[in-house]
Amino acid sequence: MPVGTAATVKGVFHRDLVSEVNAQIILANTYHLYLRPGMDTLTRAGGVHRFCGWDRPMLTDSGGFQVFSLSGVRKLSEEGCKFSSHIDGSKHLFTPENVIDTQRVIGADIMMAFDECPPGDAPYDYAAKSLGLTHRWLGRCFEQFAKTSPMWGHRQSLFPIVQGCAYEELRERSAQFVQQFDADGYAIGGLAVGEPAEVMYRMIEVVNAILPTGKPRYLMGVGTPVNLLEAIERGVDMFDCVMPTRNGRNGMLFTSEGVINIRNKKWENDFSPIDPQGTAFVDKVYTKAYLRHLAISGEMMAAQIASMHNIAFYTRLMAQAREKIIDGSFAEWKKEMVAKLLTKL
RNA sequence: GGGAGAAUACCAGAGUGGCCAAAUGGGGCAGACUGUAAAUCUGCUGACGUACGUCUUCGGUGGUUCGAAUCCAUCUUCUCCCA
């Protein structure tokens with residue numbers, strides 16, 4: 001894979017693996033990654049293209065975020081996280097060890113550490129306690145990682161996750177702590193979980209002032225196109241987010257002219273292409289009026305078209321960011337783009 | 001020709017004397033969605049007012065009643081059954 005090319009991760013779950021992997025496979029997700037030149041260093045450290053063996057790396061989450069979103073049917077302890085399946089009520093336990101095992105089985109190129117992701121408004125005491133747990137779990141993740149080997153013939157990386165809620169001091173401590181593992185890349189977690197965007201940006205600054213510049217920094221779960229540009233400006237290299245697909249399914253389109261709610265009546269008779277400057281084939285083939293019709297009619301194809309458009313839009317945005325970083329015009333370009341991206345059509 | 005039933009807001013459809021500006025669903029209008037329990041969720045949808053509220057609505061007309069979408073009479077339209 002060419003250095004710095006955005007990668008769309010494909011699910012590669014094999015049916016034969018499901019029984020081995022058990023319930024955990026439900027919680028191991030595939031990701032859309034948006035990479036910028038920071039990935040150069042990952043290439044040097046092992047090579048995105050070499051270290052995954054395919055031209056598109058697969059990244060899996062550990063289940064840490066589910067621990068966060070499951071609050072209510074979960075129980076945290078030093079050992080791990082016990083929770084009930086929402087499907088059949090059966091009990092399951094995630095531990096740093098078995099989560100690593102699972103990701104070995106899945107064969108992810110980039111595996112994530114098992115962490116606790118506290119809410120954005122967590123009080124200091126809770127945040128500090130939670131960070132301690134996340135750090136102890138991190139040690140166990142790397143122990144298990146060292147004890148086990150890849151099962152599928154390609155190298156796997158394990159990324160630690162910096163936590164610390166909205167407290168600079170905790171974030172700094174975590175960014176320091178995490179480096180002892182000399183990982184191929186570092187993730188920033190626990191952001192965009194309810195705190196104001198400005199707080200998130202500040203935390204990124206604090207953390208990125210400490211994390212090594214030579215390795216990819218992965219901002220987990222973020223975010224809006226503007227969030228991405230702000231984070232890139234602050235030194236982030238990788239992202240993943242449900243937004244392009246989920247919001248797409250719900251009728252929100254990110255376009256080169258601004259944000260569109262395709263269900264709004266104003267598009268009823270707009271027979272212009274979805275995004276004249278878009279790079280996905282759906283952008284030129286379908287009109288706004290048609291897409292609106294599909295969305296209003298509850299047609300699955302609306303969700304598909306919108307998702308394809310949004311993913312292409314995100315990918316293109318990241319590709320542009322790379323170009324602008326390389327030719328040194330990122331700052332100006334970003335300023336223009338932010339204004340556009342905030343426009344509601 | 002004879003008999004039975006029905007007419008409710010954009011649509012469908014509850015309500016059958018006061019708690020009804022009128023359930024519910026659809027449609028319409030808008031909003032939310034950030035490491036995916038999410039093709040989802042929320043709000044508004046007679047008029048005027050931010051709001052307490054006020055006014056005009058339940059096929060037409062006329063009655064009964066303190067009070068009617070609800071009861072009575074009549075007209076109109078529609079549906080069904082029998083000839």
Side-chain angles (χ1 to χ4, degrees), chain A residues 9 11 23 26-34 59-74 83-90 92 99 103 108 110-120 134 159-163 185-197 199-201 204 217-231 236 238-254 259-268 291-308 310-311 314 341 344:
Chain A
V9 172
I26 297 163
L27 300 181
N29 305 303
T30 56
Y31 288 78
H32 302 294
L33 299 181
Y34 310 96
L59 184 152
T60 51
D61 194 10
S62 59
F65 189 72
Q66 275 68 28
V67 171
F68 164 67
S69 60
L70 249 47
S71 63
V73 289
R74 64 153 205 216
F83 65 95
S84 303
S85 164
H86 69 281
I87 296 167
D88 61 3
S90 55
H92 302 271
V99 150
Q103 296 182 90
I110 299 172
M111 312 173 17
M112 299 308 302
F114 190 54
D115 65 339
E116 188 195 350
C117 179
T134 286
F159 282 21
I161 304 171
V162 172
Q163 286 289 352
Y186 296 94
I188 305 169
L191 291 178
V193 286
E195 81 288 358
V199 172
M200 169 168 78
Y201 298 149
I204 294 170
R217 296 136 161 191
Y218 163 31
L219 179 58
M220 303 189 76
V222 177
T224 66
V226 170
N227 288 160
L228 266 52
L229 297 187
E230 294 292 350
V236 172
M238 289 172 56
F239 304 90
D240 76 279
C241 194
V242 304
M243 191 168 278
T245 48
R246 179 186 291 170
N247 288 31
R249 287 197 298 279
N250 294 333
M252 186 173 185
L253 268 56
F254 302 97
V259 175
I260 286 177
N261 180 347
I262 199 62
R263 289 188 314 229
N264 289 177
K265 195 169 187 83
K266 64 188 295 188
W267 309 114
E268 188 176 29
L291 181 55
R292 176 178 189 273
H293 159 73
L294 291 175
I296 299 286
S297 309
E299 285 289 345
M300 191 60 212
M301 201 158 96
Q304 296 173 323
I305 292 171
S307 293
M308 290 172 85
N310 280 347
I311 287 173
Y314 268 60
L341 294 168
K344 284 205 168 182

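In this text the structure is predicted, and so the values were computed from the model without any measurement. Lettering of chains follows the sequences in order, A, B, ..., and the numbering in each one begins at 1.
- Atom pair M300(A):CE and rA38(B):C1' shows a separation of 12 Å (rounding to whole Å applied).
- Within 4.0 Å (heavy atoms only), L191(A) reaches no atom of the nucleic acid at all.
- The side chain of R292(A) contributes an N or O atom lying less than 4.0 Å from OP1 or OP2 of rC29(B).
- Distances shorter than 4.0 Å separate none of the side-chain N or O atoms of N261(A) from OP1 or OP2 on rA30(B).
- Between rG35(B), rA32(B), rA38(B), one nucleotide has an atom nearer to the side chain of R246(A) than all others, and that is rA38(B).
- Atoms CZ (F239(A)) and P (rU36(B)) sit 16 Å apart, rounded to a whole Å.
- Contact annotation: N264(A) side-chain N/O to rG31(B) OP1/OP2 distance is under 4.0 Å.
- Remark: K265(A) is not in phosphate contact with rU45(B), judged by side-chain N or O atoms under 4.0 Å from OP1 or OP2.
- The residue M112(A) sits apart from the nucleic acid: no heavy atom pair falls under 4.0 Å.
- One atom, CD1 of I188(A), and another, C1' of rU34(B), lie 15 Å apart when rounded to the nearest Å.
- Between G223(A) and L228(A), the shortest heavy-atom contact is N-CD1, 3.0 Å.
- Counting any heavy atom pair closer than 4.0 Å across all strands shown, G190(A) reaches a base atom.
- The glycosidic torsion of rA37(B) lies within 90° of 0, which places this base in the syn conformation.
- Residues passing the ring pair (Phe, Tyr, Trp, His ring centres under 6.0 Å) test with F254(A), sequence neighbours excluded: Y314(A).
- Here, rU74(B) and rG26(B) have their P atoms 41 Å apart, quoted to the whole Å.
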Item to check | Stepwise side chain to side chain contact (heavy atoms under 4.5 Å, CB included) check, I161(A) with Y218(A) | outcome: CA-CA 9 Å; I161(A) 304 171; Y218(A) 163 31; over 6 Å; no
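- Of the candidate nucleotides rG35(B), rA39(B), rC33(B), rG35(B) has the atom nearest to the side chain of V242(A).
- Of the candidates rU34(B), rA39(B), rG31(B), the closest approach to any side-chain atom of K344(A) belongs to rG31(B).
- Residue side chain R263(A) does not reach the base of rG28(B) through any donor-acceptor N/O pair under 3.5 Å, judged by distance alone.
- A gap of 13 Å separates the P atoms of rA4(B) and rA73(B), to the nearest Å.
- One can find a donor-acceptor pair under 3.5 Å joining the base of rG35(B) and the side-chain atoms of Q163(A).
- Side chain of C241(A), nearest nucleotide from rC33(B), rG35(B), rG28(B): rG35(B).
- Listed nucleotides rG35(B), rA39(B), rC41(B) differ in distance to D61(A); the shortest reach to its side chain belongs to rG35(B).
- Taking 4.0 angstrom as the limit, R249(A) places none of its side-chain polar atoms (N or O) nearer than this to OP1 or OP2 of rU40(B).
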